[in-house]
Amino acid sequence: MTSSLTTRTLGSGPAALTVSTMGLGCMGMSEFYGAPDEQSGLDTIARALDLGVTFLDTADMYGPFTNERLVGRAIAGRRDEVQLATKFGNKRSEDGARLGIDGSPEHVRAACDASLQRLGVDTIDLYYQHRVDRTVPVEDTVGAMAELVTAGKVRFLGLSEAAPETIRRAHAVHPITAVQTEYSLFTRDLEDAVLPTLRELGVGLVPYSPLGRGLLTGAVTRTPADGDSRGSGYFPRFQGQALEANLVLVRRVEELAAEHGCTPGQLALAWVLAQGEDVVPIPGTKRVRYLEENAAAAGVQLSADDVDRLSAAVPRDAVQGDRYGDMSSIDD
């Protein structure tokens, strides 16, 4: 098995953005999965760029605000190597309080300017609406985002966790390059309507949590301890009987990974990569060794039969627990 990290293209026509075959989710470097470790985050991003993992994903709400600053520090002097993605819309205050979802044109403009400052860059390569604001027509939100493109502050536009009809409406206002949503062996509901819509429109897919928030690596064997958000009721798949049932599925992945001479996490990532050249997963980590393991997944070659066996080993309806304890912010 060799690592062969090349490039893929998100979007089509004038909205096409070439990125590394796999990206890096930077969120956990600042919040949610245990104590933040800034130096480890900086080291991980530096190593990612050295390996050719140049598609970096952050958001203003991570930290809040501290993750963008960290990413900005990490890419200083190497900006031309990076495809930089960030997100707006999940409002938080400096003390971390959640203030709801805001897709108003005024917030779009203010959030972008603030992100540019924190990141220390002149332009964001891919700017996502983090969550759909049901109180604001998506046409208004995307119209304001399109103005950022005209102004040169943003190159390409994206949506996160958007329903098919929302994607269509947004795309009619300005071409959407990518939609980010959760996708893994453990979360495949988007295959029903979202993915066909993206392919019809020529929009790329950026799966977050392609390792099921770590479950598919085999490293999680019990409910995470305090300080890790996965240990809260917000993530039902890590709780009680649901976790026990899901770990049975993980063991199946481990068995198939042994056949391929790779880790279960690498096999799970290879499965996501095999879903199409328009799919670019962004596994997150704050550790160099996990980054290196994830990047090597690009060298795991799966046949169509391998993909089918893996899909059958983890049936969609066998995964226990909703992906979030509160799904109200997910557009449907």
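All values reported here derive from a predicted model rather than from experimental measurement.
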Can you see whether Thr123 engages Arg79 through a side-chain donor-acceptor pair at a distance of less than 3.5 angstrom? no

Thr166 and Asp331: side-chain donor and acceptor closer than 3.5 Å? yes

Do Thr6 and Thr21 meet the criterion of a side-chain donor-acceptor pair at a distance under 3.5 Å? yes

Do Glu81 and Thr54 get their side chains close enough for a donor-acceptor pair, meaning under 3.5 Å? no

Distance-only side-chain donor-acceptor flag, Gln39 / Asp43, under 3.5 Å: yes

Side-chain donor-acceptor pair under 3.5 Å between Asp306 and Ser303, yes or no? yes

Please table the atom pairs, donor to acceptor, closer than 3.5 Å between any side-chain atom in residues 139-150 and protein atoms at least two apart or in another chain.
{"residue": "Glu139", "atom": "OE1", "partner": "Arg169", "partner atom": "NH2", "Å": "2.9"}
{"residue": "Glu139", "atom": "OE2", "partner": "Arg169", "partner atom": "NE", "Å": "2.9"}
{"residue": "Thr141", "atom": "OG1", "partner": "Gly103", "partner atom": "O", "Å": "2.6"}
{"residue": "Glu147", "atom": "OE1", "partner": "Arg109", "partner atom": "NH1", "Å": "3.2"}
{"residue": "Thr150", "atom": "OG1", "partner": "Ala146", "partner atom": "O", "Å": "3.3"}

Counterpart residues, salt bridge (charged side-chain N to carboxylate O under 4.0 Å, His left out), relative to Asp50 (two or more places apart): Arg78

Determine whether the aromatic ring centres of residues His174 and Phe156 are separated by less than 6.0 angstrom. no

We want to know whether Glu161 and Tyr128 form a side-chain donor-acceptor pair, criterion being a heavy-atom distance below 3.5 angstrom. no

Main-chain N/O of Ala16 paired to Thr177 side chain as donor or acceptor, under 3.5 Å: no

Electrostatic pair Arg92-Glu31, nearest N-O below 4.0 angstrom: yes

Compute whether any side-chain donor of one residue and acceptor of the other, for Arg287 and Ser40, lie under 3.5 angstrom apart. yes

So do Asn90 and Ile101 actually touch side chain to side chain, heavy atoms under 4.5 Å? yes

Sequence neighbours excluded, which residues qualify as side-chain hydrogen bond (donor to acceptor under 3.5 Å, both in side chains) partners of Ser160? Arg131

